[in-house]
Number of protein chains: 2
Amino acid sequence: MLKNLPIGTQTDVLIEPRTFFNEKELKEILKKCGLKITKQRVAVLKVLSSGPRYHKTAKDILEEVKKNFPNIGFATIYRLLKRLSQAQMILEISMGAGSSCYELKTKQQSHYHIACLNCGKIIEFKNKMIETTLEKIVLEKNYTLKNQVVEIYVNCDSCKNQ
Amino acid sequence: MLKNLPIGTQTDVLIEPRTFFNEKELKEILKKCGLKITKQRVAVLKVLSSGPRYHKTAKDILEEVKKNFPNIGFATIYRLLKRLSQAQMILEISMGAGSSCYELKTKQQSHYHIACLNCGKIIEFKNKMIETTLEKIVLEKNYTLKNQVVEIYVNCDSCKNQ
DNA sequence: ATAAAAATGAAAATCAAATTCATTTAAAAT
DNA sequence: ATTTTAAATGAATTTGATTTTCATTTTTAT
Ligand SMILES: [Mn+2]
Ligand SMILES: [Mn+2]
Ligand SMILES: [Zn+2]
Ligand SMILES: [Zn+2]
């Protein structure tokens, strides 16, 4: 049966296991972004650095953080996500309709995404050749690269066979 | 002075000149999509196939079509855009915040986009190698390719030097 | 502890896009 | 050409994600 779930609702397929951050490290992240350390912000970051889904919507985060901070609202979540994005600390990906997903950046930079249009699963992949090619294109045109996005939309193998 | 205009507000830089369609051809497009031919729809398609900007928002289209059909509203525009998208006749691109841009597809398929984050200019480019690589990645994983998106975000040369 | 600056959360505002529904129109069938 | 029927239109409303406002609270530097 076809489900057509929103993208980012299924367990991710990652390139490699994510790095977990402890509370001290999460606070460092906030410091590095020039943000004050609050319990709500640490809680949001803790959610972002825990699996098995590392691509989370604001709603995902809100629901998780609400368990410890029942009064937190979207305002706090979206405000922090915006600032972390501006500080390049998280990546915002908006594949298809609906809400954006956010993920904490790790060292293994610049990976790309495959999304199954049917089950909403996100599969990460890396390709040094594409990365270099894009950098070269930008360099040739004398532009300054700010960000590169590569997205493939598919029907994954399990969805293909109904 | 930095302007930070929304993406898709400046004259496009195209790979090659666009094919223009006459009224007869535009009607053919509608027929091919299984849609009834109405004056409003032909007018929307006419706007989509005219430059110098080929990446247009629903608002852009509305304003243009309103000149001949003062009573047309967003409902008609969005409804048609949705159906043309589903029929793969137009491409919807959503780069950054704000509204999506839509462009009529041409024969020279599968091109990619560079957007200047400052002036909002869209520059098209093609890269057969990336295209093939993405197809190969999908094939290897035994998925069915539905769509591929490659976007580069930059500061263009004129914006770089203030 | 105090003061200044920043963050929070409830509520409202914004904005793009989709939907509803009464009316009109296109095109297929007579 | 007229009738029929299914589809399209447009005004208004709704939806859903994200942002903003503002009174109150919290953080951090002194
Ligand atoms: Mn990812
Ligand atoms: Mn284009
Ligand atoms: Zn799937
Ligand atoms: Zn520019």
Side-chain angles (χ1 to χ4, degrees), chain A residues 4-9 23 26-45 55-63 65-66 68-87 90 92-102, chain B residues 4 6-9 23 26-45 55-63 65-87 90 92-102:
Chain A
N4 254 95
L5 296 164
I7 288 166
T9 49
E23 193 151 321
L26 297 177
K27 287 179 180 172
E28 284 308 314
I29 291 175
L30 291 172
K31 279 244 182 67
K32 201 153 45 155
C33 297
L35 301 170
K36 288 190 175 169
I37 290 154
T38 66
K39 41 194 177 4
Q40 293 93 334
R41 285 174 170 176
V42 173
V44 168
L45 282 172
H55 302 92
K56 305 201 173 154
T57 62
K59 189 157 167 286
D60 291 336
I61 298 166
L62 182 78
E63 280 165 9
V65 175
K66 252 190 186 304
N68 294 307
F69 301 89
N71 292 324
I72 200 171
F74 275 119
T76 303
I77 307 287
Y78 275 116
R79 255 180 322 224
L80 179 57
L81 289 173
K82 172 65 65 79
R83 315 231 14 210
L84 291 171
S85 277
Q86 286 165 345
I90 59 170
E92 174 179 355
I93 63 169
S94 38
M95 305 186 81
S99 329
S100 291
C101 289
Y102 302 85
Chain B
N4 255 97
I7 289 167
T9 49
E23 192 150 322
L26 297 177
K27 287 180 180 173
E28 283 309 315
I29 290 175
L30 290 171
K31 278 245 183 66
K32 199 151 47 151
C33 297
L35 300 171
K36 287 190 175 172
I37 291 155
T38 66
K39 43 195 177 3
Q40 293 93 334
R41 285 176 169 173
V42 172
V44 168
L45 282 172
H55 302 93
K56 306 203 171 149
T57 62
K59 190 157 165 287
D60 291 336
I61 299 166
L62 182 78
E63 280 166 10
V65 175
K66 251 188 186 307
K67 291 175 185 168
N68 292 308
F69 301 89
N71 292 325
I72 200 170
F74 275 118
T76 303
I77 306 287
Y78 276 118
R79 255 179 322 223
L80 179 57
L81 290 173
K82 171 65 65 79
R83 316 231 13 209
L84 292 171
S85 277
Q86 286 165 345
I90 60 170
E92 175 180 355
I93 64 170
S94 39
M95 305 186 80
S99 328
S100 290
C101 290
Y102 302 84

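Only this structure's heavy atoms are used, side chains among them; waters, hydrogens and symmetry mates stay out. Throughout, protein chains are lettered first and strands after them, A, B, ... in sequence-line order, and every chain is numbered starting at 1. Fair warning: this is a prediction, and the values are worked out from it, not measured in the lab.
- Distance CG (B:Leu30) to P (C:dA26): 13 Å, rounded to an integer number of Å.
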Original post:
What's the verdict on side chain to side chain contact (heavy atoms under 4.5 Å, CB included) for A:Leu81 and A:Glu92, showing C-alpha distance, side-chain angles and the deciding distance?
Top reply: CA-CA 9 Å; A:Leu81 289 173; A:Glu92 174 179 355; over 6 Å; no
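- For D:dT9, the OP1/OP2 oxygens have no side-chain nitrogen or oxygen of B:Asn71 closer than 4.0 Å.
- A distance of 5.5 Å separates CG of B:Leu84 from CG of B:Leu45, quoted to the nearest 0.5 Å.
- Contact annotation: B:Arg83 side-chain N/O to D:dA7 OP1/OP2 distance is not under 4.0 Å.
- Separating the CD atom in A:Gln40 from the CD1 atom in A:Ile77 is a distance of 9.0 Å, to the nearest 0.5 Å.
- In terms of the side chain to side chain donor-acceptor pair (under 3.5 Å) criterion, B:Glu28 has no residue partners (sequence neighbours excluded).
- When rounded to the nearest whole Å, the span between CG of B:Leu84 and P of D:dA8 equals 11 Å.
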**OP:** Scan nucleotides 14-30 of chain D nucleotide by nucleotide, 5' to 3', and note B when protein non-hydrogen atoms come under 4.0 Å of the base, S if they reach only the sugar-phosphate, - if neither.
**Re:** ---SBBBB-----BS--
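- No donor-acceptor distance shorter than 3.5 angstrom exists from the side chain of B:Arg83 to the backbone of B:Cys33, with no hydrogens or angles considered.
- Partners of A:Thr57 under the side-chain contact (heavy atoms from CB on, under 4.5 Å) rule, at least two apart in sequence or in another chain, are A:Lys59, A:Asp60, A:Ser99, A:Cys101.
- Taking atom CG on A:Leu62 and atom C1' on C:dT8, their separation rounds to 13 Å, with Å as the unit.
- Taking atom CG on B:Asn68 and atom P on D:dG10, their separation rounds to 13 Å, with Å as the unit.
- Straight-line distance from the CD1 atom of B:Ile93 to the P atom of C:dA17: 13 Å, rounded to whole Å.
- For A:Leu81 and C:dT8, the CG to C1' distance is 15 Å, given to the nearest whole Å.
- Atom CD1 in B:Ile72 sits roughly 13 Å away from atom C1' in D:dA11 (whole-Å rounding).
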